[in-house]
Asks: 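Got a structure for you, questions after.
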Amino acid sequence: QVQLVESGGGLVQAGGSLRLSCAASGRTFVGNAMGWFRQAPGKERECASAISWSGGSTYYADSVKGRFTISRDNAKSTVYLEMSSLKPEDTAVYYCALDRTPRFGSVGYRAIEYDYWGQGTQVTVSS
């Protein structure tokens, strides 16, 4: 098993920025994708961004493309999500996720592909 510990969430005004961090501990994984999913009230969980182990493949939801940047530091087993130009519609609980299965090709964006999840951190963007 692996534990994912998130930090960086909070309340910001529209147009502001936040940087989320997620550190994995426990079992060591190599070749595994990580992602950030978000869930707004009354809506299904969606992938905001995901990144392959090497960083060579990334995914961004259309709604965040150009505003969010995902990165990772495998030496620290940490994935980051830099969010800028935040909008009220970005308000959601953000979850860090880890895929335990090494995969090939484009990084996955379906929640079912991810096996370990953080506790979720609230991001609220006020207008």
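Just so you know, these numbers use all the heavy atoms, side chains as well, and skip hydrogens, waters and symmetry mates. From a predicted model like this one, the values you see are computed outputs, not experimental measurements. Start at 1 with the first residue, then count along the sequence.
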Asks: Once rounded to the nearest 0.5 Å, what's the spacing between atom CZ of R67 and atom CG of L86?
Replies: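 The CG atom of L86 is 6.5 Å from CZ of R67, to the nearest 0.5 Å.
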Asks: Can you confirm whether more than 12 heavy atoms, excluding those of Y59, are under 6.0 Å from its OH atom?
Replies: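 Atom OH in Y59 is crowded, with more than 12 foreign heavy atoms closer than 6.0 Å.
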Asks: With a cut-off of 6.0 Å (strictly less than), are more than 12 heavy atoms of other residues, nucleotides or ligands near CD of Q13?
Replies: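 It does not: Q13 CD has 12 such atoms or fewer within range.
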Asks: To check you understand the geometry: which heavy-atom pair defines the closest contact between W117 and A111, and what is its length?
Replies: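 Between these two residues, the closest heavy atoms are CZ2-O, 3.6 Å.
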Asks: V2 and A24: which non-hydrogen atoms are nearest, and at how many Å?
Replies: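 Nearest heavy atoms, V2 then A24: CG2-CB, 4.0 Å.
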Asks: Compare every heavy atom of G108 with every heavy atom of A50, then report the nearest pair and how far apart it is.
Replies: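 Taking every non-hydrogen atom into account, CB-O, 3.5 Å.
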Asks: Can you tell me how the ring of Y94 sits relative to the ring of F68, calling it parallel under 30°, perpendicular over 60° and tilted otherwise?
Replies: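 Tilted: the ring planes of Y94 and F68 meet at 30° to 60°.
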Asks: Clusters formed by hydrophobic residues whose side-chain heavy atoms approach within less than 4.5 Å: which one holds L11, and what are its other members?
Replies: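 When side chains under 4.5 Å apart are linked, L11 ends up in no cluster with other residues.
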Asks: Working to the nearest 0.5 angstrom, can you tell me the gap between S7 OG and R19 CZ?
Replies: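 One finds 9.5 Å between OG of S7 and CZ of R19.
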Asks: Compare all side-chain heavy atoms of W36 with those of C47 and state whether any distance is below 4.5 angstrom.
Replies: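 A side-chain contact under 4.5 Å is absent here.
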Asks: Who pairs with E113 by salt bridge (charged side-chain N to carboxylate O under 4.0 Å, His left out), at least two apart in sequence or on another chain?
Replies: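 If we apply the salt bridge (charged side-chain N to carboxylate O under 4.0 Å, His left out) test to E113, skipping adjacent residues, the hits are R110.
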Asks: Membership question, hydrophobic clusters at under 4.5 Å side-chain separation (ILVMFWY): are V79 and Y60 in the same one?
Replies: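 Yes.
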Asks: Rounded to the nearest 0.5 Å, how far does CG of D90 lie from CE of M83?
Replies: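 Nearest 0.5 Å value for the CE-CG distance: 7.5 Å.
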Asks: Just by modelled atom types, is the E89 backbone N or O under 3.5 Å from a matching donor or acceptor in the T91 side chain?
Replies: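 Not confirmed, T91 side chain does not pair with E89 backbone.
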Asks: Regarding E6 and Q119, is there a side-chain donor-to-acceptor distance under 3.5 Å anywhere?
Replies: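 A pair is found: one side chain offers a donor N or O, the other an acceptor, under 3.5 Å apart.
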Asks: Hey, quick one: are L81 and V123 part of the same hydrophobic cluster, counting side-chain heavy atoms closer than 4.5 Å, chains of contacts allowed?
Replies: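 Same cluster: L81 reaches V123 through Ile, Leu, Val, Met, Phe, Trp or Tyr contacts under 4.5 Å.
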Asks: Would you please indicate yes or no on a ring centroid separation below 6.0 angstrom for Y114 and Y95?
Replies: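 They do not qualify: ring centres at least 6.0 Å apart.
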Asks: S49 versus F37: any side-chain heavy-atom pair under 4.5 Å?
Replies: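 A side-chain contact is absent here, since even the closest heavy-atom pair is not under 4.5 Å.
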Asks: Would you say the side-chain atoms of R38 and T121 include a donor-acceptor pair closer than 3.5 Å?
Replies: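 R38 vs T121: no donor-acceptor pair found between side chains.
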Asks: Same cluster or not: are V12 and V93 linked, directly or through other Ile, Leu, Val, Met, Phe, Trp or Tyr residues, by side-chain heavy atoms under 4.5 angstrom apart?
Replies: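 No, it is not one cluster - the side chains of V12 and V93 are not joined through contacts under 4.5 Å.
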Asks: Determine yes or no for a side-chain-to-main-chain donor-acceptor pair under 3.5 angstrom, with D99 supplying the side chain and A33 the backbone.
Replies: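 The answer is no, because no donor-acceptor pair under 3.5 Å joins these two groups.
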Asks: Which residues satisfy the side chain to side chain contact (heavy atoms under 4.5 Å, CB included) test with S57, sequence neighbours excluded?
Replies: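 S57: side chain to side chain contact (heavy atoms under 4.5 Å, CB included) contacts with S52, S106, V107.
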Asks: Let me confirm one number: the OH-CZ distance from Y80 to R72, rounded to the nearest 0.5 Å.
Replies: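 Rounded to the nearest 0.5 Å, the OH-CZ separation comes to 11.5 Å.
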Asks: Which heavy-atom pair separates A92 from A40 by the least distance, and what is that distance?
Replies: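 Looking at all heavy atoms of both residues, the shortest contact is CB-N, 3.8 Å.
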Asks: Please report the interatomic distance CG(L4) to CG(L98), rounded to the nearest 0.5 Å.
Replies: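 Between L4 CG and L98 CG, I get 6.0 Å after rounding to 0.5 Å.
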Asks: Any sub-3.5 Å donor-acceptor pair from N74's side-chain atoms to W53's backbone N or O?
Replies: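 Pair found, side chain donor or acceptor close to backbone of W53.
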Asks: At what distance, to the nearest 0.5 angstrom, does CG of D115 lie from CD of Q1?
Replies: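 It is 9.5 Å, given to the nearest 0.5 Å.
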